[in-house]
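Structure first, commentary second.
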Amino acid sequence: MANIDAKEYSTKPSTTKSRLSWLWSEYSVIIAFIVIFIASAILNPRFMDLNNQLNILMQVSIIGIIAMGMTVVMLSGGIDLSVGSVLALAGVISVLALNASGSILVGIFTALLVGSFAGFLNGLMVAKGRIASFIATLGMMAGARSIALYIADGGSVSGEVAGFTAISNSDLWIFDVPVIIFLAMTAAVFVIMHKTRFGRYVYALGSNEKAALLSAIRVDRIKIGVYTLIGSLVGIAAVIETSRLNSISSSSSGAQYELDAIAAVIIGGTRMTGGRGKIIGTLFGVLILGILNNMMNLMNVSPYLQGFVKGLIIIIAVVFQKRE
Amino acid sequence: MTDNPFMTMKNIDKSFNGVPVLRNVSLKVEKGEIHALLGENGAGKSTLMNILGGVHLPDNGSVYIDGEQVRMLNPRISQEQGVSFIHQELNVVADLKVYENMFLGSELRNKAGFLKVEEMCRETHDVMATLGVDINPKEYVRNLDTSYKQLIEIAKALLRKSRLIIMDEPTTSLAEHEVNRLFELMRSLKQSGVSIIYISHKLKEIKAVCDSYTVLRDGELVGTGSMEKENPETITKLMVGKAISQERYVHDNPFGPVIMEVKNLTSEGLFNDINFTLKKGEILGFTGLAGDGRTELFESLFGYRKKYSGEVRINGELVKIDHPRKALKAGVGFVPKNRKENAIIKDLSVIHNMSLSSMGNFESSGFLRDNLEKERFQYYKDALNIKVHDPQITIDKLSGGNQQKVVIAKWLEANTEILIFDNPTQGIDVGAKQEIYQEIVTLSEQGKAVIVLSSEAPEIIKICHSINVMYQGEITARFDGKSANEEEIMQYATGSKREAEKIG
């Protein structure tokens, strides 16, 4: 109502204090990462070991790839609970396709196809069926797991094609291939979100769906695209997961991946209701979770207690982000 | 007027962020009278009532109830004093039962803390009986008609032994027979000594049911008195005021060919048999009261609403617009009302809000080019005088007027032949208002076809070549902008006059 011209000019951080709080609100996850990193280095000398560092990257790569997709979904104002189950389903079907065809390419392609198709279905349910994403993907979570169990008869399926394991078990210079795929996917999602109209529309949709629609954006298609994107990323993650041990378990593979992925996104500062958040934030969220896991192992914290620590960190992260 | 009114508000001042909203306003309500509170949008009616309801504190002035001064610090105190506020948007919980709504927040419980359901039902039934209605207290509210929901609110007020009930435009969502029932109810409340403050635009209704009136204009008291002595025309004059500048912005530039033709457009319950044509270079106004269906009409034409029938031709071609994207492709742009909910994306920067509807203009080989967006924004910043220091900040940090200019820039960039503005100066200061009027007129001079919707008749008269007045989903009158006057428009907008033959 009241328009005082000075108002428009008062937004730039002018004092040191406001500049600091601006820095904190924009980069709190990076600051937290640095703090945790330094603390870890002091607490345990083995932490800084190059092999340990590379090991952390390797361990977070699968969750990291999924978390990139999850960031996009959550920026759009949705959530995807089905990622773990879809990973198992894509893994199981792709191994069967791999064994039947004898072609690694067919295996990879199948995983991608199953993942994207499941995501596409989620998108259809959310966009056209107007089902809340929580419910739609909860259904997909149960359904995909069940089909995976049925196909594999409740057990594991193993690859029978030589060379398939090379995907996850070879290096490029000092990096494991999954790490490179993770970083490449991070870069790709970053470009999509910041350099294409799709990304812009996702932010708009998550921030104000009605205004996005009234800005002549095809909101339904964007939603379907978002879930298809995370589906295909889950497909990629499934290939890595399967190739790592040359087998995938229909019952346990991917279990609780959705929680870790959502945790990484939240720690990374993306708002639960959408419209606000950063890909880079999620990258650091993933790394923070990785360091915590690693440190707890190095310091012999009981595995039963590790969930507690993780839960605590998530809640602390959210409490601090409330400050904005 | 007797010397001891039931409720008195004396010399109330109130300003928000340094902008005065009420200046030295007084209001007296007698015991057992129905008092109409009148004024145009933004006259300060709601603020005054919010002060009485304890939502806002006055800067100056005092409130007396039964002769004693009361400080309405919060809504609770106000309720304890016997004041109930029935808002335009009804505060009933659809998923609860009638009696649960009635006792929400003040449930009857026995000593063990369990709810005394039967007693609550009985009391609900009793109160409803005094209102002359028979509804099952255990019925879910969602199964009831709107008028019953209103009844529940009134019954709730009676249950709390309210002595003064404020009703804010209670009839906007009611059908004719429901309105009559409400009026009977109000009269019987009056008989039992309850006072009512009735806020409405509809003079016909006010004439029918109110005893006295108070008119506010621009935050000041301009008239008060007994209803019997006044006729609607004088009150309309009071509401509108004479001092308004009649200077018209719009010039008589020659129109181009017909660009949009709408025939028999109907959507059940929203608007009925709408016909009009729009020419290039023309500014066509639509006005009326809240709930007249004009917003729904143009939301339909823009494809936001899909359930409508009728013919729409653009440049002679029959089009079926069922998504805003299709409207954009057909050459229709839409600056919606309620900017915050409908138009701005508050998490996106000023620049990104500007480019949102025409991303294709900023792409090369599939990727967005920040520089193109920046350059283009700079152009609009100068052209529309958008005051922003750093266009990378999020749009919610701008003032209302500057936000609106960015939204307009968004549609200018989309470069549509037809532009619809719904309430374009809502929540905007006077200076920015003039700039927006000027921009709208300039657009028409450039040959764009413009449609302006507004509930403020003076605004419409200032900038439109011709004016359509809507009442309950129908166009009831059509005026030439030059000869239109506010009072006449008001008569058609309130339904007190209705001349089908005027439509030609």
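Because only heavy atoms are used, hydrogens play no part in the values below, and waters and symmetry mates are left out as well, while side chains stay in. Quick note on labels: first sequence line is chain A, next is B, and so on, each numbered from 1.
Considering CZ of Arg218(A) and NE2 of His323(B), their distance stands at 6.0 Å, rounded to 0.5 Å. A distance of 9.0 Å separates CZ in Arg325(B) from CZ in Arg221(A), rounded to the nearest 0.5 Å. Distance check, rounded to the nearest 0.5 Å: CG of Leu213(A) to CG of Asn342(B) gives 10.0 Å.
Summarising the geometry of Arg197(A) relative to Gly360(B), their closest heavy-atom pair is NH2-CA, 3.4 Å, with the distance given to 0.1 Å. The shortest heavy-atom contact between Gly366(B) and Thr196(A) is O-CG2, 4.2 Å. Counting all heavy atoms, side chain and backbone alike, Asn208(A) lies closest to Lys340(B) at ND2-O, 3.3 Å. The heavy-atom pair separating Gly275(A) from Asp347(B) by the smallest distance is O-CB, 3.4 Å.
Using a 4.5 Å cut-off between heavy atoms, Glu373(B) contacts chain A through its side chain alone, with no backbone atom that close. Only the backbone of Ala343(B) comes within less than 4.5 Å of a heavy atom in chain A; its side chain stays farther off. Heavy-atom distances place no part of Phe198(A) under 4.5 Å from chain B, backbone and side chain included. The part of Glu341(B) that comes within reach of chain A is its backbone (N, CA, C, O), which places non-hydrogen atoms under 4.5 angstrom from that chain. The part of Leu328(B) that comes within reach of chain A is its side chain, from C-beta onward, which places non-hydrogen atoms under 4.5 angstrom from that chain. Only the side chain of Asp370(B) has a heavy atom closer than 4.5 Å to any heavy atom of chain A. Only the side chain of Ser355(B) has a heavy atom closer than 4.5 Å to any heavy atom of chain A.
More than 12 heavy atoms of other residues, nucleotides or ligands sit less than 6.0 Å from atom NZ of Lys320(B).
Heavy-atom pairs under 4.5 Å with chain A peak, among Arg369(B), Lys410(B), Glu363(B), at Glu363(B). Ranked by non-hydrogen atom pairs under 4.5 Å with chain A, the options Phe302(B), Tyr304(B), Trp411(B) are led by Tyr304(B).
A heavy-atom distance below 4.5 Å is not found between the side chains of Lys210(A) and Pro336(B). Contact annotation: the side chain of Tyr203(A) never approaches that of His352(B) to less than 4.5 Å [non-hydrogen atoms, C-beta and beyond].
Looking only at distances, no side-chain donor or acceptor of Ser215(A) sits under 3.5 Å from a matching main-chain atom of Ser357(B).
Among the candidates Thr394(B), Asp396(B), Leu348(B), Ile345(B), the single residue satisfying the side-chain contact (heavy atoms from CB on, under 4.5 Å) test with Ser207(A) is Ile345(B).
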